[in-house]
Protein chains: 2
Amino acid sequence: MSKFKGAERPVLDAEEVVVPCCPPLTAGELTPRDAERMAVMFKALSDPVRLRLFSKIASHPGGEACVCDIQDVGVSQPTVSHHLKKLREAGLLTSERRGTWVYYQVAPSVVAAMSAMLDLRSVAEGR
Amino acid sequence: MSKFKGAERPVLDAEEVVVPCCPPLTAGELTPRDAERMAVMFKALSDPVRLRLFSKIASHPGGEACVCDIQDVGVSQPTVSHHLKKLREAGLLTSERRGTWVYYQVAPSVVAAMSAMLDLRSVAEGR
DNA sequence: CCGCTGTTTCGATCACTGTCTATATAGGGA
DNA sequence: TCCCTATATAGACAGTGATCGAAACAGCGG
């Protein structure tokens with residue numbers, strides 16, 4: 001399936017490695033291309049385990065966490081690694097090895113969009 | 001799809017049929033339950049065809065559209081129907097038959113959250 | 001150099017999902 | 001009534017994806 005590291009994406013070119021992107025959905029009809037890009041991002045977040053991993057990292061002080069800190073989500077450790085890889089490939093996380101441990105961070109460009117997206121209830125409901 | 005395939009409801013009770021929900025992700029660690037709920041919503045939006053269908057409906061005047069108006073997305077008619085059903089099951093769309101035609105609307109409760117979510121760039125980037 | 005711990009990759013399995021064709025259902029005319 | 005259009009369902013198939021145990025890889029300390 002994959003012989004390469006973090007950089008291989010079928011439908012998308014290397015540069016546009018899925019980012020917070022997102023042309024407003026209600027504002028107009030999506031182009032097939034934009035739909036592809038958004039779908040990749042949503043797909044990365046469409047798994048409960050990945051959502052929990054993401055939220056654990058995002059809510060950690062400094063927006064980063066060691067794998068060892070977050071791997072208690074009810075699946076085996078290799079599976080955790082697998083999901084983290086998916087989130088990385090989708091451009092939602094970045095990772096960095098420091099000594100023995102690997103730290104995952106919420107990708108910088110995602111922070112703004114994401115934090116707004118998840119707090120948007122205040123916007124949506126006028127609270 | 002079938003009517004019963006290891007139970008229609010995954011982990012959700014009938015009432016909480018996936019709604020705009022969404023506890024802020026960066027604010028704290030998601031509970032397994034919340035993660036399940038969010039995942040269902042994201043999963044519904046994780047397919048390019050569904051995103052295009054949704055955006056076509058959402059951007060139509062009145063937030064509703066006849067199937068006949070939106071079925072040009074490059075797949076067969078039954079496949080369109082299949083995707084619309086999925087969006088309906090996820091609570092993102094509602095449907096209504098009027099005479100020969102079936103009209104799909106963006107689910108009311110979703111409108112606010114969704115429009116904010118997709119316009120949130122203005123929020124996130126301070127524009 | 002060796003072993004220990006933390007993390008990723010490999011290979012297999014099994015469930016799920018997107019797509020199709022064929023068929024069924026619903027409503028509106030002639 | 002019979003037929004035509006619009007939409008939904010059924011069944012089949014291929015591709016994808018979540019998961020696991022085992023094995024490989026990477027630093028660290030003895």
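Numbers restart at 1 for each chain; the letters A, B, ... are given by sequence-line order, proteins then strands.
The residue B:Gln71 sits close only to the backbone: its heavy atoms come under 4.0 Å of sugar-phosphate atoms, none of a base.
Take the nearest nucleotide of DNA chain D for B:Asp69 and for A:Ser76: the residue whose nucleotide is more 5' is B:Asp69. Place A:Asp47 and A:Pro78 on DNA chain D by their nearest nucleotides, and A:Asp47 ends up nearer the 5' end.
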N/O contacts under 3.5 Å, protein versus nucleotides 24-30 of chain D?
none

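Put simply, A:Lys86 has a side-chain N or O that comes within less than 4.0 Å of OP1 or OP2 on D:dA18. Phosphate proximity of D:dA6 to B:Tyr104: absent, as no side-chain N or O sits under 4.0 Å from OP1 or OP2. B:Ser81 has a side-chain polar atom (N or O) that falls below the 4.0 Å cut-off from OP1 or OP2 of D:dA8.
One can place CD of B:Glu96 at 19 Å from P of D:dA6, the figure rounded to the nearest angstrom. Atoms NZ (B:Lys85) and P (D:dA6) sit 22 Å apart, rounded to a whole Å. Atom pair A:Arg50:CZ and D:dT19:C1' shows a separation of 12 Å (rounding to whole Å applied). Atom pair B:His82:NE2 and D:dC13:P shows a separation of 18 Å (rounding to whole Å applied). With rounding to whole Å, B:Leu53 atom CG is found 13 Å from D:dT7 atom P. Going from atom CG of B:Leu87 over to atom C1' of D:dA8 covers 15 Å, rounded to whole Å. Atom pair B:Leu84:CG and C:dT19:P shows a separation of 12 Å (rounding to whole Å applied). In this structure, B:Trp101 atom CH2 and D:dA6 atom C1' are separated by 8 Å, rounded to whole Å.
For the residue pair B:Gln105 and B:Thr94, a side-chain donor N or O sits within less than 3.5 Å of a side-chain acceptor on the partner.
Within the helix from C:dC1-D:dG30 to C:dA30-D:dT1, the inter-axis angle between the opening and closing five-pair segments is 10°, rounded to 10°.
Counting only heavy atoms from C-beta on, A:Val67 has its side chain closest to C:dT8 among C:dT19, C:dT8, D:dT19.
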